Amino acid sequence: MTISTIKAKGISVSLDLTVGHIADMVVENGGRRLKPLHRAPWVDTSEALPKGLPQGTVRLSGDFLCAPFSRSDVEEAPLHGWPANSAWDVTESGATEDGWRAVFRLRHKVMGASVDKIFTLRHDHPFLYQEHVFSGGSGAISVAHHPMTVMASGGRLAFSRKRFAATPSDPLEPDPARGRFLLAYPARAVDLSHFPAAGGGTLDLTEYRMDDRREDFVTLVEADHGGPGWTALARQAEEDLVLVLKNPTELPVTMLWLSNGGRDYAPWSGRHLGVLGIEDGRAAVGHAASIGDNWLRREGVATAFALGEGRSISFRHVIGALPQSGGQPPQDITAADGRMRLAAGGSTREVPFDSAFLRIGRPVAG
């Protein structure tokens, strides 16, 4: 395993170059060390894992790029594609006037395109600023970030405005001998606090409860509100706030993976607890579905980027963490003039933030 670590004042990020997963992220703020991202309990242990697992599952950590998202059924590759399962090289890494910038390149091509991952840290900013760039290639590719956080005692969620939430036709774990789920499949709701449950009634998608053993997957479709897309998670035991932000024009959906002891088989073995994937993407489930006719496209939602020789496409993403007690996420998040403003309960909190980074309001290629 090779780890590349970059640092700026108040923040460090480590990338596992063998698979392109973030192995660690630490934010130092208010005298505390916050660790917003998850690392699977079997990573870097001596336990024997089932044969044939994708390397992205063997080394499941932090955040990684999916290209395509889910099944690689157009070009042969493991689950979530080569960016999540194979080696990256450091092509640039060095200090800048206000922090650190590093560029990593995937050794594999994806649909003939080269893929670069760009990390930027800024002094005293509690955020990792990421950009991925696909250069050349042909056809089309679905993409998603795959940040995962973990909670010891659950948490509360808030989101930028969504059009609706929907589950796919089938649950992740339909066989009760292997796992369990709580949401209804397929189902749809506009009110995220009242999503149809498998056993009747509804469940609240804004509350993560540790006593709900489950493996669930639900897609949130961004509304047209003109601002950044965001997810905020107030983790109770950790007493912090995990923030994930995107440009909805680039990444129009947020896919939530609720993994709380819902898989009984190895390597999950009922021990993958309190994990939430906040997966911002431009994708349906599977490469072929994403580039063909699918339910999201019929809703007017883009599910892939078009590739082409002599052109490049890129998309940006932000992950951050702040200390917070009280257990309630903000009701609104805005960004302007180098600051992020988080509104909750009649008060507003401000933190340093590169408000131009997400390119809100600018046209998107592809």
Side-chain angles (χ1 to χ4, degrees), residues 15-23 37-40 53-88 104-111 113-119 128 130-134 137 139-149 168 172 217-220 229 231 244-248 250-259 275-292 294 296 301-307 313-319 366:
L15 185 70
D16 181 347
L17 294 173
T18 60
V19 287
H21 293 214
I22 295 176
L37 297 179
H38 167 63
R39 192 164 173 81
L53 287 178
Q55 282 302 299
T57 301
V58 172
R59 305 208 55 77
L60 184 67
S61 302
D63 176 39
F64 52 89
L65 171 65
C66 306
F69 180 77
S70 187
R71 295 183 297 273
S72 296
D73 49 8
V74 172
E75 181 179 59
E76 185 176 355
L79 179 73
H80 292 317
W82 292 117
N85 291 276
S86 63
W88 295 71
F104 311 91
R105 174 157 290 186
L106 181 67
R107 291 183 189 173
H108 267 278
K109 294 290 184 71
V110 175
M111 299 294 289
S114 61
V115 183
D116 290 320
K117 182 190 300 284
I118 305 170
F119 283 2
L128 165 62
Q130 288 192 72
E131 181 174 11
H132 284 95
V133 183
F134 286 67
I141 188 69
S142 62
V143 302
H145 276 266
H146 202 293
M148 298 165 289
T149 188
L172 296 175
F217 180 85
V218 59
T219 297
L220 314 183
T231 300
V244 180
L245 299 100
K246 64 176 183 177
N247 182 337
E250 297 174 351
L251 305 174
V253 299
T254 297
M255 298 167 283
L256 300 181
W257 173 39
L258 299 99
S259 182
V275 178
L276 176 67
I278 303 169
E279 303 165 15
D280 292 325
R282 188 184 187 97
V285 176
H287 195 175
S290 296
I291 65 176
N294 61 69
L296 283 166
V301 179
T303 54
F305 282 109
L307 303 172
I313 61 98
S314 69
F315 49 96
R316 294 181 174 184
H317 196 251
V318 180
I319 302 171

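One is the number of the first residue; the rest follow in order along the sequence. The structure presented is a predicted model; accordingly, all values stated were derived computationally and were not measured.
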Participant: Mind checking ring pair (Phe, Tyr, Trp, His ring centres under 6.0 Å) for H38 and listing every partner two or more places apart, or none if nothing turns up?
Facilitator: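 So H38 forms a ring pair (Phe, Tyr, Trp, His ring centres under 6.0 Å) with H272.
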Participant: Does some side-chain heavy atom of M148 sit less than 4.5 Å from a side-chain heavy atom of F64?
Facilitator: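 In contact.
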Participant: Return the set of residues passing ring pair (Phe, Tyr, Trp, His ring centres under 6.0 Å) with W88 (not counting sequence neighbours), or none when no residue passes.
Facilitator: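 By the ring pair (Phe, Tyr, Trp, His ring centres under 6.0 Å) rule, W88 matches no residue at all.
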Participant: Kindly write out the residues that satisfy side chain to side chain contact (heavy atoms under 4.5 Å, CB included) with P54, not counting sequence neighbours, or none if the list is empty.
Facilitator: T57, P78, L79, N85
Participant: Can you check whether L128 reaches I22 side chain to side chain, under 4.5 Å on heavy atoms?
Facilitator: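 A side-chain contact exists here, since the closest heavy-atom pair is under 4.5 Å.
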Participant: Can you measure from CD1 (I118) to OG (S314) and round to the nearest 0.5 angstrom?
Facilitator: 8.0 Å
Participant: Taking all atoms of both residues into account, what is the closest heavy-atom pair of L296 and A283, and its distance?
Facilitator: CD1-O, 3.4 Å
Participant: Look up atom CH2 in W82 and atom CG in L106, then write down how far apart they are to the nearest 0.5 Å.
Facilitator: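 It is 9.5 Å, given to the nearest 0.5 Å.
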Participant: Identify the two heavy atoms, one from P147 and one from I319, that lie closest to each other, and give their separation to 0.1 Å.
Facilitator: CB-CD1, 3.8 Å
Participant: Under 4.5 Å between any side-chain heavy atoms of H132 and V143, yes or no?
Facilitator: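 H132 does not reach V143 side chain to side chain.
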Participant: Do L220 and V253 have side chains that approach each other closer than 4.5 Å (heavy atoms only, starting at C-beta)?
Facilitator: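 No; the side chains remain at least 4.5 Å from each other.
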Participant: Is the shortest heavy-atom distance from the side chain of H80 to the side chain of F69 under 4.5 Å?
Facilitator: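 They are in side-chain contact.
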Participant: Step by step, would you call V244 with H317 a side-chain contact (heavy atoms from CB on, under 4.5 Å)?
Facilitator: CA-CA 8 Å; V244 180; H317 196 251; 3.4 Å; yes
Participant: Looking only at non-hydrogen atoms, find the nearest pair between S290 and T303 and report the distance.
Facilitator: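 Smallest interatomic distance, heavy atoms only, reads O-OG1, 2.6 Å.
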Participant: Would S114 and R105 satisfy side-chain contact (heavy atoms from CB on, under 4.5 Å), going step by step from the backbone distance to the final call?
Facilitator: CA-CA 8 Å; S114 61; R105 174 157 290 186; 4.2 Å; yes
Participant: Below 4.5 Å, heavy atoms only, C-beta onward: do R316 and N247 meet side chain to side chain?
Facilitator: no
Participant: Please evaluate residues M111 and F305 with respect to the criterion side-chain contact (heavy atoms from CB on, under 4.5 Å), reporting the C-alpha separation (whole Å), side-chain torsions for both, the decisive distance (0.1 Å), and the verdict.
Facilitator: CA-CA 11 Å; M111 299 294 289; F305 282 109; over 6 Å; no
Participant: Among residues two or more places apart or on two chains, list those pairs meeting salt bridge (Lys or Arg N to Asp or Glu O under 4.0 Å) that have a residue in residues 68-80.
Facilitator: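 Applying salt bridge (Lys or Arg N to Asp or Glu O under 4.0 Å) to every pair that reaches into residues 68-80, excluding sequence neighbours, yields R71-D73.
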Participant: Is the backbone N or O of I278 less than 3.5 Å from a side-chain atom of D280, with the two atoms forming a donor-acceptor pair by type?
Facilitator: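 Judged by distance alone, no pair lies under 3.5 Å.
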Participant: Verify, without hydrogens or angle tests, whether T219 (side chain) and M255 (backbone) share a donor-acceptor contact under 3.5 angstrom.
Facilitator: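 No.
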Participant: Does the K109 side chain pair with the main chain of G137, one donor and one acceptor, at a distance under 3.5 Å?
Facilitator: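 Side chain of K109 to backbone of G137, a donor-acceptor pair under 3.5 Å: no, none is there.
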Participant: My understanding is that only residues two or more places apart in sequence, or in another chain, count here; which of them pass side chain to side chain contact (heavy atoms under 4.5 Å, CB included) with S61?
Facilitator: H21, R39, V43
Participant: Please answer whether the main-chain N or O of A289 pairs with a side-chain N or O of N294 as donor and acceptor at a distance below 3.5 Å.
Facilitator: yes
Participant: Could you walk me through whether I141 and V74 pass the side-chain contact (heavy atoms from CB on, under 4.5 Å) test, one step at a time?
Facilitator: CA-CA 9 Å; I141 188 69; V74 172; over 6 Å; no
Participant: State, with a plain yes or no, whether a side-chain heavy atom of L15 is found less than 4.5 Å away from one of K117.
Facilitator: yes
Participant: Can you name the ring pair (Phe, Tyr, Trp, His ring centres under 6.0 Å) partners of F119, sequence neighbours left out?
Facilitator: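 For F119 the ring pair (Phe, Tyr, Trp, His ring centres under 6.0 Å) partners, ignoring immediate neighbours, are F104.
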Participant: I want to check something: taking the side chain as every heavy atom from C-beta on, are F217 and V285 in contact at a cut-off of under 4.5 Å?
Facilitator: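 The answer is yes; the side chains approach within 4.5 Å.
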Participant: Could you report the tightest heavy-atom contact between S72 and A77, atom names first, then the distance?
Facilitator: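 Between these two residues, the closest heavy atoms are CB-O, 3.2 Å.
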Participant: Using atom types as modelled and distance alone, determine if a side-chain donor or acceptor of H108 lies under 3.5 Å from a backbone N or O of A87.
Facilitator: no
Participant: Any donor-acceptor pair under 3.5 Å linking the side chain of R282 with the backbone of A304?
Facilitator: yes
Participant: Taking H145 for the side chain and E279 for the main chain, is one N or O donor matched with an acceptor at less than 3.5 Å?
Facilitator: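 No, because the side chain of H145 does not come within donor-acceptor range (under 3.5 Å) of the backbone of E279.
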